[in-house]
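Scroll down for the structure; my scribbles are underneath it.
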Amino acid sequence: DTGVSQNPRHKITKRGQNVTFRCDPISEHNRLYWYRQTLGQGPEFLTYFQNEAQLEKSRLLSDRFSAERPKGSFSTLEIQRTEQGDSAMYLCASSPLDYREAFFGQGTRLTVV
Amino acid sequence: AQSVAQPEDQVNVAEGNPLTVKCTYSVSGNPYLFWYVQYPNRGLQFLLKYITGDNLVKGSYGFEAEFNKSQTSFHLKKPSALVSDSALYFCAVRDGDQAGTALIFGKGTTLSVSS
């Protein structure tokens, strides 16, 4: 059990560019979550996968955001045409079952300049 | 849809005194409730959870929480605070009756323990 791994840890991009983040969950955890967190705030839910199926997506999530989880293993989160408001920490978490706690990665800090 | 409210942005307590961090929730079905802690520049760490059973649950670092169904609350408590408990605390809820629902977090409460 090596924990949830997120790459890259930091990303600085120019406004209008596309970025992609990767999350490797704990092996055999079939639930995977993406959250966004700004300074001093709680994690804001973005989307949720059970295996390869994307079961829920926040209504607040712009169409510029897309996530995939091919084969139910790692997941990617892509942001197209980044805006300064997208600057935040993007967190990934995984859990084996609904009644088990979710384990979080260290996050990817995105800065849009 | 489920939601969580943490009514206090900050809680201040002196070392050695008891602490309480408040959380109320809203969910259609049976709640699965969690508390997490976040230290500066660190990831979220799980503290404890309530799924079913005894309303008083015990977790890491001497923390405990009491589930109150009638008040839809899940307050985090510790009998004697330590300076090292100073951190950001998050309450989270999932609807246990609906498979495949997301884990939703509150906005967090900053706990400051003074020596």
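A, B, ... follow the sequence lines: proteins, then strands. Residue 1 opens every chain.
Here A:Ser95 contributes atom OG and B:Phe34 contributes atom CZ; the two are 7.5 Å apart, rounded to the nearest 0.5 Å. Rounding to the nearest 0.5 angstrom, the gap separating the CD atom in A:Gln37 from the CZ atom in B:Phe90 is 4.5 Å. If you take CD on B:Gln2 and CZ on A:Phe45, they are separated by 8.5 Å, rounding to the nearest 0.5 Å.
Atom CD of B:Gln10 has more than 12 neighbouring heavy atoms from other residues, nucleotides or ligands inside a 6.0 Å radius. The number of heavy-atom neighbours closer than 6.0 Å to CD1 of A:Ile12, taken from other residues, nucleotides and ligands shown, is 12 or below. Few gaps surround CZ on A:Arg64; more than 12 heavy atoms of other groups in view lie less than 6.0 Å from it. Heavy-atom neighbours of A:Glu68 CD from other residues, nucleotides or ligands within 6.0 Å: at or below the threshold of 12.
Looking at B:Gln38, only its side chain comes within 4.5 Å of chain A, counting heavy atoms on both sides. For chain B, no part of A:Arg31 is nearby; none of its heavy atoms comes within less than 4.5 Å. The contact between B:Lys49 and chain A is made entirely by side chain atoms (from C-beta outward), counting heavy-atom distances below 4.5 Å. Contact annotation for B:Leu103: both backbone and side-chain heavy atoms come within less than 4.5 Å of a heavy atom of chain A. Of the atoms belonging to A:Glu101, heavy atoms from both backbone and side chain fall under 4.5 Å from chain B.
Between chain A and the options B:Cys91, B:Ala102, B:Gly106, B:Gly108, the largest number of non-hydrogen pairs under 4.5 Å is found for B:Ala102.
Put simply, the side chain of B:Tyr36 reaches to within 4.5 Å of the side chain of A:Phe104, judged on heavy atoms.
A:Gln41 places no side-chain N or O within 3.5 Å of a backbone atom of B:Lys107 that could act as its donor or acceptor partner.
Two rings, from B:Phe105 and A:Tyr35, have their centers less than 6.0 Å apart.
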